[in-house]
Chemist: 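My structure is below; once you've seen it, I'll send some questions.
All heavy atoms count here, side chains included; hydrogens, waters and symmetry mates do not. Quantities reported herein were computed from a predicted structural model and do not represent experimental measurements.
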Amino acid sequence: MNTANSQELFQRAKELIPGGVNSPARSWGSVGGNPLFISRAAGSRIWDADGNEFIDYVCSWGPMILGHAHPDVVAAVTRAAEKGTSYGAPTESEVRLAELVIDSVPSIEVVRFVNSGTEATMSALRLARAFTGRSKIVKFDGGYHGHGDALLVKAGSGLASTGIPTSAGIHPGLAQDTIVLPYNDSEALEKAFAAHAGEIAAVIVEPIAGNMGVVLPEPGYLGALRQVTAQDGALLIFDEVISGFRVGLDGAQGIYGVTPDLTCLGKIVGGGLPVGAYGGRRDIMQTVAPLGPMYQAGTLSGNPLAMAAGVATLERLREPGVYDELERLGALLQAGLRRVFNDAEVPVTINRVGSLLTAFFTGSPVKDMADASAGDHDAFGRWFHGLLANGIYIAPSDYEAWFISTAHTESDIQATIDGAAEALKSV
Ligand SMILES: *Cc1c(COP(=O)(O)O)cnc(C)c1O
């Protein structure tokens with residue numbers, strides 16, 4: 001594969017941008033090699049700067065559920081742009097997107113749009129602290145909620161210990177107020193609430209984890225989160241930035257029948273433009289300015305292009321059969337990948353919900369970060385490069401999800417399974 005243009009661009013980029021990228025995972029640090037610079041995309045396909053074509057399972061890390069350059073979305077954004085790209089004043093399109101979100105997501109009675117998933121989670125935590133008057137928060141090992149200071153924290157030694165920053169430059173006081181627990185462990189949760197009764201403002205969780213690879217909640221686990229938080233008076237925040245509109249219109253909360261107090265959205269809700277959102281119970285949301293004392297704002301929040309892309313995307317997703325088809329393609333891919341791993345005698349665990357899946361290079365079940373870490377990451381790296389050579393583009397880490405779009409076809413899936421088998425030969 002000729003990647004001369006990507007290599008040249010990466011050299012230039014490294015002189016100008018830290019590490020040559022505007023978001024670290026794009027540098028392929030964990031699999032090695034020169035990241036591909038993308039020049040265009042359409043449907044299920046992307047093309048790099050050298051004209052190589054790939055079936056894309058990154059889908060911009062989740063947002064592109066309709067595939068790239070969907071005609072409805074392109075038309076909506078174009079029409080909006082012709083009327084001006086930003087006013088800093090309210091518009092009908094944000095009312096329309098709010099209606100679609102509130103109609104879809106069970107927990108959301110009132111919603112505020114922001115510019116990224118990071119902003120959504122930061123704002124939701126500030127709101128939880130404002131509403132409860134408490135300072136501690138609970139997150140889970142392997143849960144990613146964007147790059148807000150209080151959330152870039154990993155578990156210290158021992159259960160229910162205070163967190164250790166995973167980034168330099170984080171005020172120690174912020175990490176101290178973040179308690180990090182293992183995911184899918186109800187006992188650890190109960191212990192933490194016993195140790196910090198009345199001090200915890202909120203538990204924030206990806207109800208279907210997507211950032212340690214895809215990890216499903218064990219039966220009853222989300223219900224336990226709901227019960228323990230309600231008993232203590234802490235808020236339950238579902239970070240559905242990945243799962244929202246991905247696993248169904250009503251998200252993980254719809255699938256598992258557990259209603260959080262607040263929900264964070266991002267990725268799909270912006271249809272490929274920069275949007276995040278947080279919303280929930282009306283009484284809690286009334287704490288947000290200008291109604292209440294919790295300040296949160298944004299020059300470009302509710303941007304008309306972004307709202308137009310979100311509306312066009314959600315309207316398409318509401319048509320009948322969309323999620324059934326994504327489920328069908330996801331099941332085909334999972335079954336096919338299992339088959340080729342078995343044939344190659346390479347141990348694998350494939351976790352999947354609908355069009356969201358991860359193949360872990362381990363024969364053991366993966367139900368938390370420790371299990372995900374136990375996979376053979378070097379083997380994954382070799383497979384990743386083999387997939388590329390076979391025209392398949394997935395995220396450059398086995399702590400990430402594959403995303404299938406409505407533009408993927410059964411023949412894309414079959415080509416992917418065949419390519420996966422070829423790529424396993426070099427693992
Ligand atoms: C991507 C992601 C975020 C952060 O969203 P950005 O738009 O990248 O800031 C937050 N939470 C989860 C679960 C995510 O996957």
Chemist: So which heavy atom on I392 is nearest to which on A415, and how close?
Modeler: CD1-O, 4.0 Å
Chemist: Might you point out which heavy atoms bring N184 and K367 nearest each other, and give the distance in Å?
Modeler: ND2-O, 2.9 Å
Chemist: Distance from I417 atom CD1 to R338 atom CZ, nearest 0.5 Å?
Modeler: 12.0 Å
Chemist: Going by the side chain to side chain contact (heavy atoms under 4.5 Å, CB included) test, name the single residue among V215, I242, L222, V247 that passes it with I208.
Modeler: V247
Chemist: Do Y278 and Q296 pair up side chain to side chain, a donor and an acceptor below 3.5 Å, judged on atom types alone?
Modeler: yes
Chemist: Nearest 0.5 Å, what's the CD-CZ distance between E99 and R96?
Modeler: 5.5 Å
Chemist: Testing the 3.5 Å rule here: is there a donor-acceptor pair between the side chains of S123 and E119?
Modeler: no
Chemist: In sequence, state the C-alpha distance, the side-chain angles, and the governing distance for T263 and E240, and then conclude on side chain to side chain donor-acceptor pair (under 3.5 Å).
Modeler: CA-CA 7 Å; T263 296; E240 298 227 42; 5.2 Å; no
Chemist: Tell me if the centroids of the rings in Y221 and Y183 come within less than 6.0 Å of each other.
Modeler: yes
Chemist: I'd like to know whether CZ of R12 has more than 12 heavy-atom contacts from other residues, nucleotides or ligands below 6.0 angstrom.
Modeler: no
Chemist: Step through the shown structure and confirm whether more than 12 heavy atoms of other residues, nucleotides or ligands are within 6.0 Å of NZ on K83.
Modeler: no
Chemist: Hey, what do you get for CD1 (I394) to CG (D398), rounding to the nearest 0.5 Å?
Modeler: 8.5 Å
Chemist: Side-chain donor-acceptor pair under 3.5 Å between D149 and H171, yes or no?
Modeler: no
Chemist: Does either side chain, that of R226 or that of T259, offer a donor lying less than 3.5 Å from an acceptor on the other one?
Modeler: no
Chemist: Under 30°, 30 to 60°, or over 60°: which ring-plane class applies to F54 and Y393, parallel, tilted or perpendicular?
Modeler: tilted
Chemist: Between S6 and N34, do the side chains contain a donor N or O and an acceptor N or O under 3.5 Å apart?
Modeler: no
Chemist: Please indicate whether H147 has more than 12 foreign heavy atoms, meaning atoms of other residues, nucleotides or ligands, lying under 6.0 Å from its NE2.
Modeler: no
Chemist: Between I204, V203, D368, which is the residue that forms a side chain to side chain contact (heavy atoms under 4.5 Å, CB included) with F140?
Modeler: V203
Chemist: Please step through salt bridge (charged side-chain N to carboxylate O under 4.0 Å, His left out) for the pair E53 and R40, ending with a clear verdict.
Modeler: CA-CA 10 Å; E53 177 179 334; R40 75 186 173 96; over 6 Å; no
Chemist: Might you work through the side chain to side chain donor-acceptor pair (under 3.5 Å) test for D412 and S44, ending with a clear yes or no?
Modeler: CA-CA 8 Å; D412 286 337; S44 63; 2.8 Å; yes
Chemist: For the pair D250 (side chain) and P106 (backbone), establish whether a donor and an acceptor sit closer than 3.5 Å, ignoring hydrogens and angles.
Modeler: no
Chemist: How long is the gap from NZ on K139 to OG1 on T121, to the nearest 0.5 Å?
Modeler: 10.5 Å
Chemist: Does OH in Y295 sit with more than 12 non-hydrogen atoms of other residues, nucleotides or ligands closer than 6.0 Å?
Modeler: no
Chemist: Just verifying a value: how many Å separate F245 CZ and L249 CG, rounded to the nearest 0.5 Å?
Modeler: 6.5 Å
Chemist: Is the closest side-chain donor-acceptor distance between Y57 and S405 under 3.5 Å?
Modeler: no
Chemist: Applying side chain to side chain contact (heavy atoms under 4.5 Å, CB included) to L317 and I268, what does each step give before you reach the verdict?
Modeler: CA-CA 10 Å; L317 290 174; I268 291 173; 3.9 Å; yes
Chemist: Mind checking the CG-CE spacing from L127 to M294? Nearest 0.5 Å is all I need.
Modeler: 4.5 Å
Chemist: For a side chain to side chain contact (heavy atoms under 4.5 Å, CB included) check, start with the C-alpha distance between W402 and L356, then their side-chain angles and the critical distance, and finish with the verdict.
Modeler: CA-CA 6 Å; W402 299 44; L356 190 62; over 6 Å; no
Chemist: What's the verdict on salt bridge (charged side-chain N to carboxylate O under 4.0 Å, His left out) for R316 and D72, showing C-alpha distance, side-chain angles and the deciding distance?
Modeler: CA-CA 8 Å; R316 172 76 186 92; D72 293 358; 5.3 Å; no
Chemist: Is it the case that the ring center of W383 lies less than 6.0 angstrom away from the ring center of F341?
Modeler: yes
Chemist: Quick one: does S107's side chain get under 4.5 Å of P260's, heavy atoms only?
Modeler: yes
Chemist: List the steps, then state whether side chain to side chain contact (heavy atoms under 4.5 Å, CB included) holds for I137 with D177.
Modeler: CA-CA 6 Å; I137 55 162; D177 275 336; 5.8 Å; no
Chemist: Would a line drawn from the ring center of F403 to the ring center of W61 be shorter than 6.0 Å?
Modeler: no
Chemist: Between F360 and F380, does the ring centre distance come in under 6.0 Å?
Modeler: no
Chemist: Just so I know, are the side chains of I17 and N22 near enough to count as touching, which here means a heavy-atom distance under 4.5 Å?
Modeler: yes
Chemist: Show the numbers, then the answer: is there a side chain to side chain contact (heavy atoms under 4.5 Å, CB included) between M307 and V275?
Modeler: CA-CA 8 Å; M307 297 294 105; V275 180; 4.1 Å; yes
